[in-house]
Amino acid sequence: MEAASVTFTKEKLDHDDGIARYEIEFVTDTTKYEYEINASDAAVMEASLEPIEQISATAKQQDIITLEEAKAAALDYAGMSAEQVRFTKIEQDYDDGMIEYEIEFYANGKEYSFVIDAVTGSVLEMEIEMD
């Protein structure tokens, strides 16, 4: 499978039972793949795949912004660069028929949470939590 033929929908660093792991999800035209990868040695801890339902004609996968564009929109809104933050969640989601990205990152002792419209790239929600 070539990287150009997939769309990443989730990249998240998580800790479970004291083990740092990456949760990675991506889709092709027909299949959704989910992986949990050990952050310290890159071992695949869990893997699954399943057929996906086709996205409606009003919001096809090629009509949406990329994960990188969604990250850039969140960073721009926060007035930060990628070098200043540590991303902890980047996930494509469907809410009320809309495709959106949920993005979380830490910077300067605060957690920033964003919901980005996957079609327009606009910020739909933004929240800042102090540690």
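FYI, the numbering just counts along the sequence from 1. It should be emphasised that the depicted structure is a prediction, and the values quoted were computed from it without experimental measurement. Atom set for the values below is all heavy atoms of this structure, side chains included, hydrogens, waters and symmetry mates excluded.
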Q: Find the distance between CD (Glu46) and OG (Ser48) and round it off to the nearest 0.5 Å.
A: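 Answer rounded to 0.5 Å: 8.0 Å.
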
Q: Tell me, with the steps shown, if Lys32 and Glu25 meet salt bridge (Lys or Arg N to Asp or Glu O under 4.0 Å).
A: CA-CA 7 Å; Lys32 177 180 179 180; Glu25 295 179 10; 3.7 Å; yes

Q: Check the angle between the aromatic planes of Tyr33 and Phe26 and answer parallel, tilted or perpendicular using the 30° and 60° thresholds.
A: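 Taking Phe26 first and then Tyr33, their aromatic rings lie parallel (interplane angle under 30°).
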
Q: Is any side-chain heavy atom of Phe8 closer than 4.5 Å to one of Ile24?
A: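 Yes, at least one pair of side-chain atoms sits under 4.5 Å.
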
Q: Do Val115 and Leu67 sit in one hydrophobic cluster, given that two such residues count as connected whenever their side-chain heavy atoms are within less than 4.5 Å of each other, even indirectly?
A: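 No; Leu67 is not reachable from Val115 via cluster members.
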
Q: So with a 6.0 Å cut-off around CZ of Phe87, is the heavy-atom count from everything else above 12?
A: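 Counting neighbours around CZ of Phe87, more than 12 heavy atoms of other residues, nucleotides or ligands fall under 6.0 Å, so yes.
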
Q: Between Ile90 and Lys71, is there a side-chain heavy-atom distance shorter than 4.5 Å?
A: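 In contact.
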
Q: Does Ile19 belong to the same Ile/Leu/Val/Met/Phe/Trp/Tyr cluster as Tyr35, with side-chain heavy atoms less than 4.5 Å apart forming each link?
A: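 In one cluster with Ile19: Tyr35, no.
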
Q: Say you draw a straight line from CD1 of Ile103 to CD of Glu11; how long is it, rounded to the nearest 0.5 Å?
A: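 Atom-to-atom, Ile103:CD1 and Glu11:CD are 9.5 Å apart.
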
Q: Is there side-chain contact between Ile65 and Ile116, with heavy atoms separated by less than 4.5 Å?
A: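 Yes; the side chains approach each other to less than 4.5 Å.
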
Q: Tell me the closest heavy-atom pair linking Ala73 and Val123, and the distance in Å.
A: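 Taking Ala73 first and Val123 second, the nearest heavy atoms are O-CG2, 4.4 Å.
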
Q: To the nearest 0.5 Å, what is the distance between CG on Asn38 and OH on Tyr22?
A: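 Between atom CG of Asn38 and atom OH of Tyr22 there are 10.0 Å.
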
Q: With rounding to the nearest 0.5 angstrom, report the OG1 to CD distance, Thr66 to Gln92.
A: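 Nearest 0.5 Å value for the OG1-CD distance: 10.5 Å.
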
Q: Could I get the full list of side chain to side chain donor-acceptor pair (under 3.5 Å) partners for Glu23, not counting sequence neighbours?
A: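 Partners of Glu23 under the side chain to side chain donor-acceptor pair (under 3.5 Å) test: Lys10.
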
Q: Using every non-hydrogen atom in the two residues, find where Arg21 and Met45 come nearest and quote the distance to one decimal.
A: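 Closest pair (atom of Arg21, atom of Met45, distance): NH2-CE, 3.1 Å.
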
Q: Using 0.5 Å steps for rounding, measure from the OG1 atom of Thr120 to the CD1 atom of Ile64.
A: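 The distance works out to 11.5 Å.
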
Q: If every non-hydrogen atom of Leu13 is compared with every non-hydrogen atom of Ala20, which pair is closest and at what distance?
A: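 Shortest heavy-atom contact: CD1-CB, 4.4 Å.
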
Q: For residues Met126 and Met98: do they belong to one hydrophobic cluster (side chain heavy atoms under 4.5 Å, members Ile, Leu, Val, Met, Phe, Trp, Tyr)?
A: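 Different hydrophobic clusters.
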
Q: Among residues at least two apart in sequence or on other chains, which ones pass ring pair (Phe, Tyr, Trp, His ring centres under 6.0 Å) with Tyr112?
A: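 With sequence neighbours excluded, Tyr112 shows a ring pair (Phe, Tyr, Trp, His ring centres under 6.0 Å) to Phe105, given in chain and number order.
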
Q: Tell me, do Tyr101 and Asp93 make a side-chain contact under 4.5 Å, heavy atoms counted?
A: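 They are not in contact (no side-chain heavy atoms under 4.5 Å apart), so the answer is no.
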
Q: Verify salt bridge (Lys or Arg N to Asp or Glu O under 4.0 Å) between Glu129 and Lys110, making sure each step is shown before the conclusion.
A: CA-CA 6 Å; Glu129 291 184 23; Lys110 300 174 188 170; over 6 Å; no

Q: Tell me whether Asp41 at atom CG has more than 12 heavy atoms from other residues, nucleotides or ligands lying less than 6.0 Å away.
A: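 Yes, the 6.0 Å shell around CG holds more than 12 heavy atoms from other groups.
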
Q: Check whether the side chains of Ser81 and Glu83 place a donor and an acceptor atom closer than 3.5 Å, and report yes or no.
A: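 The criterion, which ignores hydrogens and geometry beyond distance, is satisfied for Glu83 and Ser81.
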
Q: Could you check if a side-chain atom of Thr9 sits within less than 4.5 angstrom of a side-chain atom of Glu91, using non-hydrogen atoms only?
A: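 No. Closest side-chain heavy atoms not under 4.5 Å.
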
Q: Measure the shortest side-chain to side-chain distance between Glu36 and Asp14 over non-hydrogen atoms and say whether it is less than 4.5 angstrom.
A: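 No, too far: nothing below the 4.5 Å cut-off.
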
Q: What pairs with Glu104 under salt bridge (charged side-chain N to carboxylate O under 4.0 Å, His left out), at least two apart in sequence or on another chain?
A: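 Once residues adjacent in sequence are excluded, Glu104 has no partner under the salt bridge (charged side-chain N to carboxylate O under 4.0 Å, His left out) criterion.
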
Q: Could you tell me the separation between the CD1 atom of Ile99 and the CG atom of Asp117, rounded to the nearest 0.5 Å?
A: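 Answer rounded to 0.5 Å: 9.0 Å.
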
